Amino acid sequence: MARILITSALPYINGVKHLGNLAGSMLPADVYARFQRLRGHDVLYICATDEHGTPAELAADAAGMDVRAYCDEQHDIQKRAGDGFSLSYDYFGRTSNAPSIRLTQHFADVLEQKGLIVERVEEQVFSIDDDRFLPDRYVEGTCPHCGFERARGDQCDSCGRLLEPTDLKEPYSKISGSKNLEVRETKHLHLVQTKMESRIRDWVDAATEWPSLAKSIAYKWLDEGLRDRSITRDLKWGVPVAHEGTPREGFETKVFYVWFDAPIGYIGATAEWAEAGNGDWEIWWRTDKGAEDVTYVQFMGKDNVAFHTVSFPATILGSEEPWKTVDKLKAFNWLTWYGGKFSTSEKRGVFMDQALDILPGDYWRWYLTANAPEGSDAAFTWEHFQGLINSDLANVLGNFVNRITKYTASKFDGQVPSTGETGEAEAWIAQELETRLPAVVANMEAMEFRKAASEVRAIWAAGNEYLTKAEPWVKYKSDVDAAAVGVRTGLNLVALFGILAQPFIPEAAKKVLDAVGVPEDRRSWNFDGPAADLLDALPHGLAITPPDVLFAKIEDAQLAEWSERFGGAPSQ
RNA sequence: GGCGAGGUAGCUCAGCUGGUUAGAGCGCACGACUCAUAAUCGUGAGGUCGAGAGUUCAAGUCUCUCCCUCGCCA
């Protein structure tokens, strides 16, 4: 039994995530976690909300709430959304909780001892009316080069030139519109990443189980040269810059910058899991305390790769402490909305809570896995969604379960038949399984979820093909025993299909397995024996119950309604 | 502007280190079946693999140029 630590990129706190976020980190991590559990491994799947930073403060202000209360509320909302999609986190923590704060301060202490943190004074724009320093992109004004009136403090969108906030003429706060600004000096801690470059490069060189997307992004950053980065900010909401409870002198009103503390949240959330009475977190994270045999797998969108291959490793490796670092890294491209990007402001795209209003989580899980943005960006369209759900889930899987269980109920008294000898059709389906089941497992191991889903679908389709070959409804007229074999095999296929479906569509899989009475301890992914055994696993005479319709088809009228509601068509 | 990813059948996508007639699902056409959610099964029609040039016995698969799309960054 292997020990597998899984994390998915931490969703930011300011609002429910859209389907692209789900498809690119939390969902595939969950599919993989469920798969490895079904294979009998010891899995710890950790996630958390990333709660610090200016956007959280502003979102709380906009909601008229205290930041802490706002984050409390949003964390619960995201937790519920995750539950709705059956995300099987072992723990869903928060970067604002005590363990993450403690660990962040710990890393800062250790890095400073190693000479990797220094104080530097810089100039930043302060907004007197907002009573806060403004991050570069929150300062706007007139571009000194082209005269564009809404240039950002980091760049002019009109002429494209790079700017400093102090370059802008007539600068104003993007937050309040106030022009009452001044440049102030402010002191910050900097992480001296320039000293870390070769160490990180060696570490990246040694990584063997990263996809090319991840490696190329890491090397791109390294090739451009790492820069020292400020790791503190003049904010109220965040991890205090303190040592053993005492604020650092001159940093009483400052906190750590969110990019520094967020990934530490992986460890912090594991510590939360432990403090909730679930065990020892260090055996998962400290190689000197038992984590040397852990395989650590991270899931994230491609925008996060640099943070996981360079920035966070700088923190971890810089400490020179025996922390576990990532072994396998799975990065996803974008799920696009009709070829463009999901956008909150333009009302383009579907968000997790809205998706659950429309359909149960399993529908989305299947679509987002079978159409995962693995090799390249993948387009979401309502038409494609409808086609995939109706075909794969309603017609191929749902209808198969329905047709054979109903037939059993009407002709075989709702019981698994015991009579009849197997023949050619049974040999054929057994052979199909002999080749296809290992393919599914191999694809899952390789984290090729799209291909795994496709192979699972092919197995479901083979079940229908089998029934066509066995045609029990024809044989029933002349030879009930011959029909019985087909029905028995069909029912066992239902059980197998349910077992296979578990990582992808767990709720529906459970319904299927309950319907044909597969006990909990017989639901694992153990396909080592002959396939023929899988086709006669259910006890003869066992009573089965046809389940309700597993997946309702998506009607054209629904599609039209959703397109209207979500601005579904491509923007003109 | 710099950087990254990508342009393969009507649609969504596979095609590893170059090698027989370029694949899958959906959609479409025709046929079969009737146990089933007007489901299923079979057969078939569809592509000069963005354009041009080059390397090679051989290129969707390598090199160069160009065009187009998407994204990221400061």
Side-chain angles (χ1 to χ4, degrees), chain A residues 20 136-137 145 151-165 212-214 216-221 223-224 227 301-306 331-343 367 370-412 425 443 446 448 450-451 453-458 460-477 483 486-487 490-491 494 546-555:
Chain A
D136 291 357
R137 65 196 159 103
H145 304 291
R152 292 198 315 269
D154 51 5
Q155 179 193 25
C156 173
D157 278 335
S158 179
C159 69
R161 289 198 217 218
L162 306 186
L163 303 172
E164 291 294 325
S212 55
L213 180 64
S216 67
I217 291 174
Y219 281 127
K220 182 195 157 211
W221 273 50
D223 291 345
E224 284 177 357
R227 279 167 295 182
K302 61 185 171 187
D303 57 327
N304 259 318
V305 171
F332 285 82
N333 290 287
W334 304 129
L335 181 72
T336 64
W337 180 256
Y338 288 84
K341 75 188 268 202
F342 275 72
S343 164
Y367 177 81
N371 187 43
E374 280 184 314
S376 62
D377 291 355
F380 176 94
T381 68
W382 286 113
E383 296 73 18
H384 191 220
F385 178 68
Q386 177 191 36
L388 207 67
I389 295 302
N390 288 356
S391 173
D392 293 359
L393 297 185
N395 295 346
V396 174
L397 175 63
N399 180 55
F400 178 83
V401 172
N402 190 246
R403 67 194 292 205
I404 191 67
T405 53
K406 282 235 175 96
Y407 191 72
T408 305
S410 72
K411 302 289 198 212
F412 288 88
N443 281 320
E448 294 273 4
R450 199 175 170 123
K451 288 176 184 169
S454 166
E455 196 62 38
V456 166
R457 193 208 109 97
W460 295 340
N464 284 309
E465 193 177 344
Y466 163 75
L467 286 184
T468 300
K469 292 181 193 294
E471 49 184 12
W473 49 88
V474 172
K475 290 177 177 160
Y476 188 82
K477 293 169 189 164
V487 170
L491 290 172
V494 170
D548 296 335
V549 167
L550 284 173
F551 296 100
K553 281 195 207 180
I554 297 170
E555 305 296 338

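Keep in mind that this is a model prediction, so the values were computed, not measured. Lettering follows sequence order; numbering is per chain, from 1.
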Contact pattern, 5' to 3', of nucleotides 29-41 of chain B - B, S or - by protein heavy atom under 4.0 Å:
----SSBBB-SSS
Separation of the C1' atoms in C49(B) and G15(B), to the nearest angstrom
10 Å
Is Ala370(A) touching bases, backbone alone, or none of the nucleic acid, heavy atoms closer than 4.0 Å?
nothing
When you compare A45(B) with A29(B), how far apart are their C1' atoms, in angstrom units rounded to a whole number?
7 Å
Report the residue (Trp334(A) or Asp377(A)) whose heavy-atom-nearest nucleotide on RNA chain B is the more 5′ of the two.
Asp377(A)
State yes or no: are the ring centers of Tyr466(A) and Phe400(A) separated by less than 6.0 Å?
no
Minimal heavy-atom distance between Lys469(A) and Ala425(A), with the atoms involved, is CB-CB, 4.0 Å
Quick check on G46(B): syn or anti? Syn means the glycosidic torsion is within 90 degrees of zero.
syn
Please list every stem that involves RNA chain B, where a stem is a run of 3 or more consecutive Watson-Crick or G-U wobble pairs with both pairing distances under 3.5 Å.
B:1-7 with B:67-73, B:10-13 with B:23-26, B:28-32 with B:40-44, B:50-54 with B:62-66
Separation of the C1' atoms in C62(B) and U55(B), to the nearest angstrom:
8 Å
For the student: nearest non-hydrogen atoms of Glu555(A) and Gln386(A), plus distance:
C-NE2, 3.7 Å
Is the ring centre of Phe380(A) less than 6.0 Å from the ring centre of Trp382(A)?
yes
Roughly how far, to the nearest 0.5 Å, is CD of Glu455(A) from CG of Asn443(A)?
6.5 Å
Once you round to the nearest 0.5 Å, how far does CG of Leu393(A) lie from CG of Leu388(A)?
7.0 Å
Separation of the C1' atoms in C67(B) and G52(B), to the nearest angstrom
11 Å
Heavy-atom nearest pair, Asn390(A) first then Lys553(A), reads OD1-CA, 3.3 Å
Has Arg227(A) got a side-chain N or O lying under 4.0 Å from the OP1 or OP2 atom of A74(B)?
no
Name the orientation class of the two ring planes belonging to Tyr407(A) and Trp473(A) (parallel below 30°, tilted from 30 to 60°, perpendicular beyond 60°).
perpendicular
Sugar-phosphate only, base, or nothing, as touched by Asp303(A) at under 4.0 Å among non-hydrogen atoms
nothing
Should Lys451(A) be listed as having a side-chain N or O under 4.0 Å from OP1 or OP2 of G15(B)?
yes
